[in-house]
Amino acid sequence: MQKALYYINITEKNKRGIIMNYREYIASRLESITGLSCEEIKKVIEIPPDPKMGDMAFPCFILAKTLKKAPPLIANELMSELNNDIKFEKVQAVGPYLNFFFNRAEFEKDVLTRVKESKGSFDKSEEGKGKTVLVEYSSPNIAKPFHIGHLFSTAIGNSLARIYEYLGYDVKRLNHLGDWGTQFGKLICAYKRWGDPKVIEKDPINELLKIYVKFHEEAEKNPALDDEAREYFKLLENNDPETTKLWQYFRDVSLKEFKRVYDMLGVSFDSYAGESFYGDKMQEVVDILREKNLLTESDGAQVVMLDDMNMPPCIILKSDGATIYATRDIAAALYRKRTYDFYKNIYVVGTPQALHFRQIFEVMKRAGWDWANNCIHVGFGLVKFPDKKLSTRHGDVVFLEDVLNESIQKTREKIEQSNPDIGDKEEVAKRIGIGAILYTFLKNNREKDIVFSWDSMLDFEGESAPYVQYSYARGRSILRRCNTDFSNPDFSKTTSDEEYELVKQINAFGNAVSDAADKNEPFYITRYVTNLAKCFNKFYNTHPILKGDVDVQTQKARLAIVDAATQVIKSALYLLGIETVESM
RNA sequence: GCGCCAGUAGCUCAGUUGGAUAGAGUGUUUGGCUACGAACCAAAAGGUCGGGGGUUCGAAUCCCUUCUGGCGUACCA
């Protein structure tokens, strides 16, 4: 029994998940029996929909033609060939499928040993060593509130950054601040007219928002205001000292407020180079595009025509000669390539801007920059209200900070009623409250819209961060109470369905991380860790560890399982930007 | 009009190199705390996978068509 795995050669490359080794092994056995190639077999081997059917299955359809036999018959014949293999508990033919059942104790030993040896970084990889991945995310506008919609980009970007880091990439977090554009002309205009420095000093973002909203109301009645705003922006562009000073002030107070929210979320950046940073880097882009003969004049503007790609033209210079966001984004991409020599350049920006990115990436390709192919737009849906869309211009915003505080407050109340004696309630409430909000933004396909609702946002039951955090806390509680040394357990007594399924789920972590990175989709991890917690809770409810009369060997093995499960839950939550608590 | 995305249980959503009986959570009904932590577990009920056609041994998944919704459609970002 102990030797069952000996002839499986675990190579350095193949270390990730013993499942891979089983696949390899099954393929090599079937290769010699069926004459199919190893690669062909590996491709069709699958995980059965129900664990009761086995751990892996080989569908026999592909052999039907060559052997001229019905698949169920083939499955039966293969079964008799393989049934004495020591590596499997059993091999079973069910209809056209050949189902393999692993040796559970061996499997558990392998997985849990690997978790333990990883010391908190299970399945961490070095595949990205020496490669830089840029993640642009969050990117709020200066002098405007950090609202609930910004959390989408912030949560996804932060998670992706951590995921790529876990895979060994050198990650640079970029906050492309919206700190330039005609909107600042409007703001300065509003400030000159209605701004009271003393009032604004006290609560800058809110007061600036007020006058910004007022500007739009007044401008509807009096269009001359818009012209005035354009004048102010022109002054800003020409480095007029007074206007620039004002702008700098707006930027400073805004960043200060943003950073407060980022601290709450545990989010950080390597660069805050926003739109203003690229002001002097756009002329070169215009020159390059002109030199490569890509610019065409159209309605007075300089554009790159993209009709052959079925896209509207990409405007590089407006008819008044001014640059536009496309120019800025192209300049930024070029700057980033030169500065970071990125392997991937990821933009976490809403799906409504999908066309914009397709356009500028295409323009960059036409400029001869093949690295444009490594620029990726990672889109996400809208945060909506049941009845309307968020609009800063009309002042109907939900501040992210308010949402976070509300959630923390609710957690506080919950702790007070269910577990009032724990230490550091504030920190615990913060981690759980914020985790719950982050989870709701990371639990589904990122392109799906989210309809804002306090009820669902503050629902701490079922699929939620608190559910996962709770599982973790229960596991840690057991480990805290026990005095047993479980360093060298024997898993022959922990082969029940619940125990085995939990270990299988632990083992699947690496796949979840790779999937999340491949698709730039954090929700693969969210789903994974929720399943892991579910498996843990089921195990927890069916198998006593410290209570009752559990024999020492069984207890040690179960403790080892708890230890590994909590460790992997923590790692997975970390990749989502969600923290754990020891008790809650 | 054109482009992109979506339509799966009452609600919110998983489920693509085509495979076994379409799955969770929530809500509803019900059972389990003198506790290794009930923010938990267990059970029941709930489905023409928007409609129609096609491809094949087999389709939620691929193709065509149609309906509905969202977003985007050159000088805002």
Side-chain angles (χ1 to χ4, degrees), chain A residues 43-44 46 48-50 53 57 59 61 64 70-71 94-97 99 139 141 176 178 180-183 275 298-306 310-326 328-329 349-356 358-359 379 381-382 384 411 414-415 417-419 422 432 436 440 443-445 447-451 453 455-456 459-471 473-482 523-524 527 530-531 533-534 536-548 550 555 558-559 562 583-584:
Chain A
K43 245 199 259 174
V44 296
E46 57 189 43
D50 186 335
M53 299 169 174
F61 303 102
V94 180
Y97 293 91
N99 293 339
S139 310
N141 288 326
H176 192 72
W180 207 246
T182 41
Q183 50 182 331
E275 294 168 352
S298 174
D299 289 344
Q302 293 294 315
V303 306
V304 179
M305 296 304 285
L306 301 169
N310 206 8
M311 287 190 276
C314 182
I315 296 180
I316 301 298
L317 291 176
K318 300 193 280 185
S319 47
D320 63 2
T323 56
I324 191 170
Y325 62 106
R328 201 141 40 224
D329 278 354
V349 180
T351 48
Q353 295 197 48
L355 176 60
H356 162 70
R358 278 178 54 218
Q359 286 180 306
L382 298 157
K384 294 174 172 169
T411 310
K414 185 108 187 172
I415 292 172
Q417 73 180 56
S418 62
N419 206 353
I422 59 168
I432 294 171
T440 65
K443 73 170 170 181
N444 291 138
N445 182 326
E447 299 202 2
K448 231 152 205 142
D449 292 346
I450 289 182
V451 176
S453 130
D455 281 348
S456 65
D459 187 0
F460 292 179
E461 271 153 36
E463 290 177 349
S464 68
Y467 174 88
V468 180
Q469 289 165 318
Y470 182 66
S471 311
R474 294 212 294 191
R476 294 294 297 170
S477 175
I478 289 179
L479 297 172
R480 225 178 296 127
R481 285 164 203 268
C482 83
F523 99 95
Y524 282 107
R527 210 176 36 176
T530 307
N531 277 331
K534 197 182 295 178
F536 176 81
N537 286 331
K538 194 163 190 164
F539 156 75
Y540 180 94
N541 270 281
T542 46
H543 293 82
I545 299 166
L546 301 180
K547 64 179 178 183
V550 182
Q555 186 180 69
R558 287 184 184 157
L559 284 168
V562 173
S583 39
M584 60 191 273

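Lettering follows sequence order; numbering is per chain, from 1.
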A side-chain contact here means heavy atoms from C-beta on lying under 4.5 Å apart; do A/Tyr325 and A/Glu275 qualify? no
Looking only at heavy atoms, the pair that brings A/Ser464 and A/Asp459 closest together is CB-O, 3.8 Å
Which letters describe nucleotides 4-13 of chain B, given B = protein heavy atom under 4.0 Å from base, S = only from sugar-phosphate, - = neither? ---------S
Tell me whether the side-chain N/O atoms of A/Arg480 come closer than 4.0 Å to OP1 or OP2 in B/G37. no
4.5 Å side-chain heavy-atom contact, A/Cys314 and A/Leu306: yes
Any idea which of B/G37, B/G15, B/A77 is nearest the A/Tyr524 side chain? B/G15
Base, sugar-phosphate, or nothing for A/Pro49, non-hydrogen atoms under 4.0 angstrom? base
Taking atom C1' of B/U73 as reference, at what distance in whole Å does atom CE of A/Met305 sit? 14 Å
What are the two closest non-hydrogen atoms of A/Asn419 and A/Met584, and how far apart are they? ND2-O, 2.7 Å
With P as the reference atom in both, quote the distance from B/G10 to B/G70 in angstrom, rounded to an integer. 22 Å
Using the side-chain heavy atoms of A/Phe523, tell me which of these nucleotides is nearest: B/G37, B/U26, B/A14. B/A14
Sorted by chain and residue number, the salt bridge (charged side-chain N to carboxylate O under 4.0 Å, His left out) partners of A/Asp299 (sequence neighbours excluded) come out as none
Students often get this wrong, so: under 4.0 angstrom with heavy atoms, is A/Phe61 touching a base, only sugar-phosphate, or nothing? base
Separation of the P atoms in B/G69 and B/G25, to the nearest angstrom: 33 Å
Between CZ of A/Phe539 and C1' of B/G37 the distance, given in whole Å, is 15 Å
A/Tyr467 near the nucleic acid: base, sugar-phosphate alone, or nothing, with a heavy-atom cut-off under 4.0 Å? sugar-phosphate
Does the protein touch nucleotides 29-35 of chain B at the base, only the backbone, or not at all? Give it as B, S and - per nucleotide, heavy atoms under 4.0 Å. -------
Please pick, from B/A77, B/C41, B/A39, the nucleotide with the shortest atom-to-atom distance to any side-chain atom of A/Gln353. B/A77
In the strands shown, is B/U48 matched to any nucleotide by a Watson-Crick or G-U wobble pair with both distances under 3.5 Å, and which? none
Under the salt bridge (charged side-chain N to carboxylate O under 4.0 Å, His left out) rule, collect the residues that match up with A/Arg527, sequence neighbours excluded. none
If we take the P atom in both B/U26 and B/C40, what is their distance in whole Å? 7 Å
Base, sugar-phosphate, or nothing: which does A/Asp455 touch, judged by heavy atoms less than 4.0 Å apart? nothing
Between B/G15 and B/G23, how far is it from one P atom to the other, in whole Å? 15 Å
Whole angstrom is fine here: how far is it from CD in A/Glu46 over to P in B/U16? 13 Å
At under 4.0 Å between heavy atoms, what does A/His543 touch on the DNA or RNA strands: base, sugar-phosphate, or nothing? base
Rounded interatomic separation in angstrom, taking CG from A/Asp459 and C1' from B/G27: 11 Å
Determine whether a donor-acceptor pair (one donor, one acceptor, N or O, separation below 3.5 Å) exists between the side chain of A/Tyr470 and the base of B/A39. no
Check the phosphate of B/C41 against A/Asn537, side-chain N and O only, distance under 4.0 Å to OP1 or OP2. Yes or no? yes
Let's test this: given Watson-Crick or G-U wobble pairing with both distances under 3.5 Å, identify the partner of B/C11. B/G25
If you measure from the P atom in B/G50 to the same atom in B/A59, how many Å do you get, rounded? 15 Å
Pairwise C1' distance for B/G58 and B/A6, with rounding to whole Å: 27 Å
Evaluate the side-chain hydrogen bond (donor to acceptor under 3.5 Å, both in side chains) criterion for residues A/Asn537 and A/Tyr467: first the C-alpha distance (whole Å), next the side-chain angles of each, then the deciding distance (0.1 Å), finally the verdict. CA-CA 10 Å; A/Asn537 286 331; A/Tyr467 174 88; 3.2 Å; yes
Euclidean distance for P, B/A14 against B/G52 (whole angstrom): 24 Å
State which residues pass ring pair (Phe, Tyr, Trp, His ring centres under 6.0 Å) with A/Tyr524; sequence neighbours excluded, sorted by chain then number. none
Base, sugar-phosphate, or nothing for A/Pro48, non-hydrogen atoms under 4.0 angstrom? base
Where do A/Ile478 and A/Leu546 come nearest, in terms of heavy atoms and distance? O-CD1, 3.8 Å
Sugar-phosphate, base or nothing in reach of A/Thr351, heavy atoms under 4.0 Å: nothing
Would you mind reading off the distance between A/Phe536 atom CZ and B/C40 atom P, rounded to a whole angstrom? 13 Å
Base, sugar-phosphate alone, or nothing: which one does A/Ala64 contact when heavy atoms must sit under 4.0 Å apart? nothing
Considering Watson-Crick and G-U wobble pairs with both distances under 3.5 Å, what does B/G3 pair with? B/C71
P atoms of B/U66 and B/C13, separation to the nearest Å: 28 Å
What integer distance in Å separates A/Asn310:CG from B/G72:C1'? 13 Å
Over 60° means perpendicular and under 30° means parallel, so tell me whether A/Phe536 and A/Tyr540 are parallel, tilted or perpendicular. tilted
Distance in angstrom units between A/Lys384 NZ and B/G69 P, rounded: 13 Å
Touch check for A/Ser583, heavy atoms < 4.0 angstrom, all strands: base, sugar-phosphate only, or nothing? base
Taking 4.0 Å as the cut-off, does a side-chain nitrogen or oxygen of A/Arg474 come that near to OP1 or OP2 on B/C40? no
Rounded to the nearest Å, what distance is computed from the CE atom of residue A/Met53 to the C1' atom of nucleotide B/G23? 13 Å
If you compare every side-chain N and O of A/Ser477 against the phosphate oxygens of B/C36 (OP1, OP2), does one of them come in below 4.0 Å? no
Counting C-beta onward and ignoring hydrogens, is there a side-chain heavy-atom pair between A/Ser456 and A/Val451 closer than 4.5 Å? no
By the 4.0 Å heavy-atom rule, please label A/Glu275 as base, sugar-phosphate, or nothing. sugar-phosphate
At under 4.0 Å between heavy atoms, what does A/Ile432 touch on the DNA or RNA strands: base, sugar-phosphate, or nothing? base
By side chain to side chain contact (heavy atoms under 4.5 Å, CB included) - contacts of A/Pro49 (at least two apart): A/Met53
Determine the contact category for A/Ala326: base if any of its heavy atoms lies under 4.0 Å from a base atom, sugar-phosphate if only primed atoms, P, OP1 or OP2 are that close, otherwise nothing. nothing
Complementary nucleotide for B/C33 - Watson-Crick or wobble, under 3.5 Å: none
Closest listed nucleotide, where the reference is the side chain of A/Ala473 and the choices are B/G37, B/C36, B/G15: B/G37
Residue pair A/Asp50/A/Met584 against RNA chain B: nearer the 5' end by closest nucleotide is A/Asp50
Report which part of the nucleic acid A/Leu355 touches: base, sugar-phosphate, or nothing (heavy-atom distance under 4.0 Å, all strands). sugar-phosphate
Does the structure show a Watson-Crick or G-U wobble partner for B/C57, both distances under 3.5 Å? Name it, or say none. B/G19
When all nucleic acid strands are considered with a 4.0 Å heavy-atom cut-off, which category describes A/Met311: base, sugar-phosphate, or nothing? nothing
Where do A/Phe523 and A/Asn444 come nearest, in terms of heavy atoms and distance? CB-O, 3.5 Å
